[in-house]
Amino acid sequence: MNIPINNQPRIVIIGGGFAGIHLLKKLIKTKKFQLVLIDKHNYHTFQPLLYQVSTSSLEPDSIAYPLRKLIASVDNAYFRLAEVTSIDAESNTLHSTIGDLTYDHLVIATGSKTNYFGNDSIEKNGMGMKTIPQALNIRSLILQNLEKATITSNKEEREALLNFVIAGAGPTGVELSGAIAEVRNNIVPKDYIDIKASEIKIHLLEGLDRVLPPMSEKASAKAKKFLEDLGVQIHLDTMVEEYDGVVVKTNKNDNLRSKTFIWSAGVTGAPVKGLNASALVDKANRYTVNTFNQIEGYDNIFAIGDIALMQSEKYPKGHPMVAQPAIQQGEHLAKNLIRIQEEKKLEPFDYFDKGTMATIGRNKAVVDLKKSTFGGFFAWFIWMFVHLWFLVGFRNRIVTFFNWTYSYINFDRAARLIIRPFKGERENEDLVN
């Protein structure tokens with residue numbers, strides 16, 4: 001990998017998500033380590049706003065940040081564009097697509113990937129939304145289907161092109177449904193005079209008995225009302241059994257014709273091969289870690305963020321797989337790695353829950369704090385402020401702010417471009433990863 005050897009301990013970080021970059025930023029300041037960040041992309045993705053790329057609110061560069069920019073002008077940090085294929089813990093070596101590298105401390109921050117729960121038809125024919133290329137695929141597919149609907153005379157084909165089905169009513173599904181509803185209500189009447197907005201149906205499917213299951217019942221009820229006011233049809237206690245590319249079949253014998261089926265019903269960890277099987281929790285695909293984020297059975301290999309499963313009385317299934325635990329674990333592990341270097345006792349991680357939020361379109365959001373829940377314009381304003389604050393890079397914040405301001409004033413979305421037509425080749429790794 002062309003990494004020089006020096007007298008500093010080498011810390012290798014796999015993954016440039018929230019956990020990895022916050023760890024890196026804290027460690028860079030110390031100048032006590034040689035740092036190597038490895039990722040299969042050369043940018044960090046602000047995943048909470050992926051749905052806005054997929055619905056034409058933002059361009060990808062608004063939510064992506066070059067990883068090399070994090071280490072610019074730093075002489076003790078390196079970035080390598082590669083995919084780690086396996087780890088040899090006995091020799092403290094990792095193997096990758098560009099070569100091998102030894103480490104003193106290894107941090108796995110590989111995050112999560114879409115969980116299709118073994119349903120091959122959904123994985124083959126549905127649309128996931130975990131990466132920028134996938135969000136761009138969805139954007140192109142939505143716009144292409146609207147274009148096709150303007151020229152088809154076949155009633156069933158037109159119905160399938162104008163039906164949008166989203167599986168999973170967590171924050172991603174709720175936010176995506178609301179965004180598509182706003183496209184229907186505000187963009188279609190202006191851009192597509194051949195299509196009546198009433199022809200477009202948006203179906204949100206959820207296997208449990210309410211939307212936003214991780215949030216409070218009060219927030220869930222508010223979100224459901226906001227979605228229904230926007231015209232989203234909500235199907236609760238509904239599981240998707242099959243999707244053949246045209247028809248979505250559910251456990252309630254519903255046959256929803258749709259050429260746009262988006263799967264946001266679950267995620268699973270993205271582990272690296274090579275570590276003891278006992279360290280990996282089977283169904284979750286997450287590494288079992290102690291309160292210092294050390295992977296079970298290893299002293300110098302750590303896991304942080306979505307890939308880490310730290311069980312406690314309060315979180316028996318581990319911390320939620322969202323940005324805040326990843327950020328906090330990254331920053332806390334940086335302190336503990338410094339303590340290891342200084343031969344001090346490690347400090348256990350204690351997650352501080354800052355609350356949960358989701359937006360459901362213009363002026364509509366819900367926020368759960370420890371002792372209160374609220375929704376509406378004020379919640380929406382807080383949602384905007386928090387997401388702008390946590391975007392990496394000043395330019396990203398400015399570009400996103402101006403895009404949001406433009407959309408708010410003009411009821412418009414500036415990024416309605418089919419830059420790269422989607423061809424339905426979901427099995428092509430270049431398109432989905």
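For W380 and W404, the ring centers sit 6.0 Å or farther from each other. When ring centroids are compared, F18 and H44 come within the 6.0 Å threshold.
When side chains are defined from C-beta on, W383 counts as touching E175, because their heavy atoms get closer than 4.5 Å. Residues N251 and T238 are in side-chain contact: their nearest non-hydrogen atoms beyond the backbone lie under 4.5 Å apart. When side chains are defined from C-beta on, R420 counts as touching P133, because their heavy atoms get closer than 4.5 Å. Side-chain contact between F46 and N396 is absent, with no heavy-atom pair separated by less than 4.5 Å. Residues I132 and Y43 have side chains in contact (heavy-atom distance under 4.5 Å, counting atoms from C-beta outward).
Rounding to the nearest 0.5 Å places CZ of F164 at 10.0 Å from CG of L176. Distance check: I187 CD1 to S56 OG gives 8.0 Å after rounding to the nearest 0.5 Å. Between atom CD1 of residue I180 and atom CD1 of residue I142 there is a gap of 4.5 Å, rounded to the nearest 0.5 Å. E331 contributes atom CD, which lies 13.0 Å from atom CG of N336 (distance to the nearest 0.5 angstrom).
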Please set out all donor-acceptor pairs under 3.5 angstrom arising from side-chain atoms of residues 300-308, sequence neighbours excluded.
unit_1, atom_1, unit_2, atom_2, d
N300, ND2, N92, OD1, 3.3
N300, ND2, D104, O, 3.0
D306, OD2, S112, OG, 3.0

Taking only distance into account, with no hydrogens and no angle test, what donor-acceptor pairs under 3.5 Å do side-chain atoms of residues 226-235 form with protein atoms, sequence neighbours excluded?
unit_1, atom_1, unit_2, atom_2, d
E228, OE2, K224, NZ, 2.7
D229, OD2, K225, NZ, 3.0
H235, NE2, H203, ND1, 2.9

Audit row: D39, L67, side chain to side chain contact (heavy atoms under 4.5 Å, CB included) steps and yes/no: CA-CA 9 Å; D39 197 287; L67 292 173; 3.8 Å; yes

Please assess E347 against K335 for the test salt bridge (charged side-chain N to carboxylate O under 4.0 Å, His left out), listing each intermediate value before the final yes or no. CA-CA 9 Å; E347 294 181 350; K335 296 176 183 177; over 6 Å; no

Apply salt bridge (charged side-chain N to carboxylate O under 4.0 Å, His left out) to K259 and E157, showing your working. CA-CA 9 Å; K259 289 291 186 72; E157 176 73 4; 3.1 Å; yes

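In this model, a donor atom of one side chain and an acceptor atom of the other lie less than 3.5 Å apart for N290 and Q294.
With sequence neighbours excluded, the residues forming a ring pair (Phe, Tyr, Trp, His ring centres under 6.0 Å) with Y351 are Y315, H319, listed by chain and number.
Between V272 and the choices L106, T85, V84, L94, the side-chain contact (heavy atoms from CB on, under 4.5 Å) rule is met once, by V84.
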